[in-house]
Amino acid sequence: IEYNEQYRPQIHFTPKKAWMNDPNGLIYFNKTYHMFFQHYPDSTVWGPMHWGHAESKDLVHWVEKPIALYPDNLGYIYSGSAVIDKKNTSGFGKLGKTPLVSIFTHSNPILRKEGQDNYQYQSLAYSLDSGNTWTKYNGNPVLNNPGIKDFRDPKVSWFEQGRKWIMTLATKDRVTFYSSINLKEWHKESEFGNDLGAHGGVWECPDLISFVVNGKKIWVLIVSINPGGPNGGSATQYFVGDFDGHQFSTFDSKTRWVDYGTDNYAGVTFFNTKKRKLFIGWMSNWQYANKVPTTSWRSAMTTTRELSLKKINNEYLLASKPVKEYEQLNLAHSSFKNIDLTDDFDLTKKIKTSIDRSRIQLTSDYLKSFSIILSNDLCEQLILGYNESQNEFYIDRTKSGKIDFEKGFSKRITSPRLVNNNKVDLTLIIDDSSVELFTDDGLTVMTALCFPQKKYNNLKLKSNSNFLINNLDYWSLKSIWN
Ligand code: FRU
C-alpha cells in the first residue's frame, strides 16, 4: 500500500490496514525498537484482539511485521508488556539465547458471555529470535482472576534493588502490584488508588517508571482512565511518589494528566532504554475511535515522546517532548524574529512549502492571548492558542473539518497553564489528521485528531492583545513512509 489515502498520517505510525488500539510490549532489543499493538486484522472496528508488530531503528520510521500473537482457546490477546529476561529467570532461554518475554491479558469471550466476572487473566509468551516469532507458554495463565471483572494490562519491569520483577495491573478502580522472581509465579504486594485520582471510569494500562531528580529517585505511576478524562472520554493521569518494592505512595492527592488533549490514550514506556523514558500513546479516544472517518485502517499512534520529571514550585511535574529523532524529518526551514501580532501574521504567505505536514516552534517573553489558525479552501479551520483571562491553552476543532461522525468529537479542548510567568515556548506538530501541542518545555501537552476534508493550506497567527513573538521557526516535514 502507498500510505497516501485521505487522512492517512504521514509522520505517525498506522497499521497498513484494519483496526489498531493500544501500544503493547514496547521494548528496545538488539538496536531495534519493537512496538506491538492491539490489532484486529479482519475489520476496521474493534474485535477479537491480536498483537500486531512493528519495528523501528529510530523511533520515527516503522516497518510493520507479521502478527505476533493470535487469539487462542484461552481468549483474545489484550494489552500487556514485554521484557528482556537477561538472567533467564523464566527458564525460557535455550542454548544461551536470551528470551524476550511478553506478559499479556487473555480475555475470554465465552466466560464473558456467560456473565462470569473472571474472564480476564494474565499469560506469557516468549521469543528466542529477537521478537520475530513468539511461543505461548504451555502453563498459561500465570495469574488467575480472583473475581475482579476488570483485571488486565500487565506492565512488568525489573526492580533491581529487590532483584525481582514488578507487575502493575489495572484492577477495576485501582492498580494492584505483584512481584515475581521467574515471571511465572506472581505474588500480590499491594493496591493503590481506589481513593485517589480520577475515577470517572475504569482504570487501564498502568506503568510504573522512575526518574532521578536532583540526585533523588522519584517514581511516577501512569494510569489511563476511560471515561473521565479532563476533556471527555479517555485520558491518562499520573501520580508522583515513592515505591519501596512493595507499595507505591503519592506525595499529594492532586490529579494530574500526561496529556490534556482528547487523543492520547493507553500510553506506556519502553523497556530497556536506560535513562531515556520513551512513551507512545494510542492517538484516539474510546468515545469515537470506532467511528473516525478513515477508510481501510483505523487509528494512529502519537509521536514517540521523551518524558522527564521537573520540580516546579515544589511539585514534581511530568513533561513530554517529541523525541529528537524527529529532527531528521525536517525539510524546508524558515525563521522569523520579533513578530508583532498587532497585525495578523500570515505564515503561508511567507513560505513556499505547504503547511499540511509541519513543525512550528515559537518563543516569547511576553505571553498574551493569541491564536494560530489552520484553514483550507472549504473554510474549515482548526484554532489553537492561549487565553490569558482563563490562563489556559486550547484547541478548538468545532469547525475543523469532518466532525459529525460522533457528537462528542466537535469540541473546544482546554488545558490549564501549569507555570506562572510571561515566558513561553511552543512546539506544534501538524500531520494530515492530528495536531500535537507542547508548551512550556513540555509541561502542557495537548494531542488532538482533526479531519479536514481538504488539507489545511493556510496558517495565520493573531492576537488582540499585542502578543510579541521573539522567534518563530517553521519546518515542513518529510513523510516517514517514503
Ligand atoms: C485500553 C484497553 C485495555 C485492553 C485493550 C483491549 O484501551 O481497553 O484495557 O487491554 O484496550 O483492546
Side-chain angles (χ1 to χ4, degrees), residues 15 18-26 35-53 67-72 74-82 102-109 111-112 117 119-125 141 143 145 148-156 167-176 193 198-207 222-229 232-237 258-259 262-269 279-292 298-302 447 449:
W19 171 267
M20 173 177 82
N21 56 293
D22 315 357
N24 296 146
L26 301 179
M35 171 165 68
F36 302 89
F37 52 90
Q38 289 288 279
H39 188 36
Y40 181 33
D42 300 329
S43 171
T44 51
V45 294
W46 188 90
M49 284 293 114
H50 300 51
W51 271 28
H53 182 196
I67 288 173
L69 296 171
Y70 285 81
D72 55 51
L74 287 172
Y76 302 157
I77 315 296
Y78 273 23
S79 287
S81 51
S102 67
I103 309 93
F104 58 89
T105 301
H106 260 127
S107 187
N108 189 317
L111 293 179
R112 183 179 195 161
D117 279 347
Y119 59 86
Q120 296 183 337
Y121 30 81
Q122 321 318 318
S123 292
L124 305 178
L143 177 56
N145 189 304
I148 302 172
K149 203 168 163 190
D150 297 291
F151 190 73
R152 59 177 178 267
D153 308 339
K155 178 78 162 70
V156 175
M167 176 199 291
T168 55
L169 193 72
T171 51
K172 198 173 173 170
D173 58 351
R174 63 196 73 183
V175 171
T176 304
H199 282 279
V202 69
W203 282 22
E204 300 184 316
C205 300
D207 188 7
I222 293 173
V223 184
S224 284
I225 171 176
N226 175 51
S234 7
T236 303
Q237 58 186 323
V258 172
D259 188 320
T262 40
D263 301 289
N264 178 357
Y265 192 61
V268 284
T269 58
F279 172 101
I280 295 180
W282 173 43
M283 196 156 62
S284 196
N285 188 314
W286 282 117
Q287 217 180 343
Y288 42 71
N290 279 286
K291 297 182 182 163
V292 297
R298 264 213 183 88
S299 300
M301 294 301 180
T302 65
T447 303
L449 294 177

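Here the structure is a predicted model, which is why all the values come from computation and not from measurement. Atoms within a ligand are numbered from 1 in the order they appear, just like the ligands themselves.
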For residues 279-290, tabulate all N or O donor-acceptor pairs below 3.5 Å that involve a side-chain atom, not counting sequence neighbours.
{"residue": "W282", "atom": "NE1", "partner": "M20", "partner atom": "O", "Å": "3.3"}
{"residue": "W282", "atom": "NE1", "partner": "S299", "partner atom": "OG", "Å": "3.0"}
{"residue": "N285", "atom": "OD1", "partner": "S234", "partner atom": "N", "Å": "3.1"}
{"residue": "N285", "atom": "OD1", "partner": "S234", "partner atom": "OG", "Å": "3.1"}
{"residue": "N285", "atom": "OD1", "partner": "Q287", "partner atom": "N", "Å": "2.9"}
{"residue": "N285", "atom": "ND2", "partner": "G232", "partner atom": "O", "Å": "3.3"}
{"residue": "N285", "atom": "ND2", "partner": "T262", "partner atom": "O", "Å": "2.9"}
{"residue": "Y288", "atom": "OH", "partner": "D263", "partner atom": "OD1", "Å": "2.6"}
{"residue": "Y288", "atom": "OH", "partner": "D263", "partner atom": "OD2", "Å": "3.2"}
{"residue": "Y288", "atom": "OH", "partner": "R397", "partner atom": "NH2", "Å": "2.9"}
{"residue": "N290", "atom": "OD1", "partner": "W46", "partner atom": "N", "Å": "2.9"}

How are the rings of H106 and F104 set relative to one another: parallel (under 30°), tilted (30 to 60°) or perpendicular (over 60°)?
perpendicular
Just jot down the salt bridge (charged side-chain N to carboxylate O under 4.0 Å, His left out) partners of R152, sequence neighbours excluded, or say none.
D150, E204
Just jot down the salt bridge (charged side-chain N to carboxylate O under 4.0 Å, His left out) partners of D72, sequence neighbours excluded, or say none.
K136
We want to know whether N264 and T302 form a side-chain donor-acceptor pair, criterion being a heavy-atom distance below 3.5 angstrom.
no
For N21 and Y265, which I'm curious about, is there any donor-acceptor pair between the side chains at under 3.5 Å?
no
Report all protein residues having a heavy-atom distance below 4.0 Å to some atom of ligand 1; order the list by chain, then number.
N21, D22, Q38, W46, M49, Y78, S79, R152, D153, E204, Y265, W286
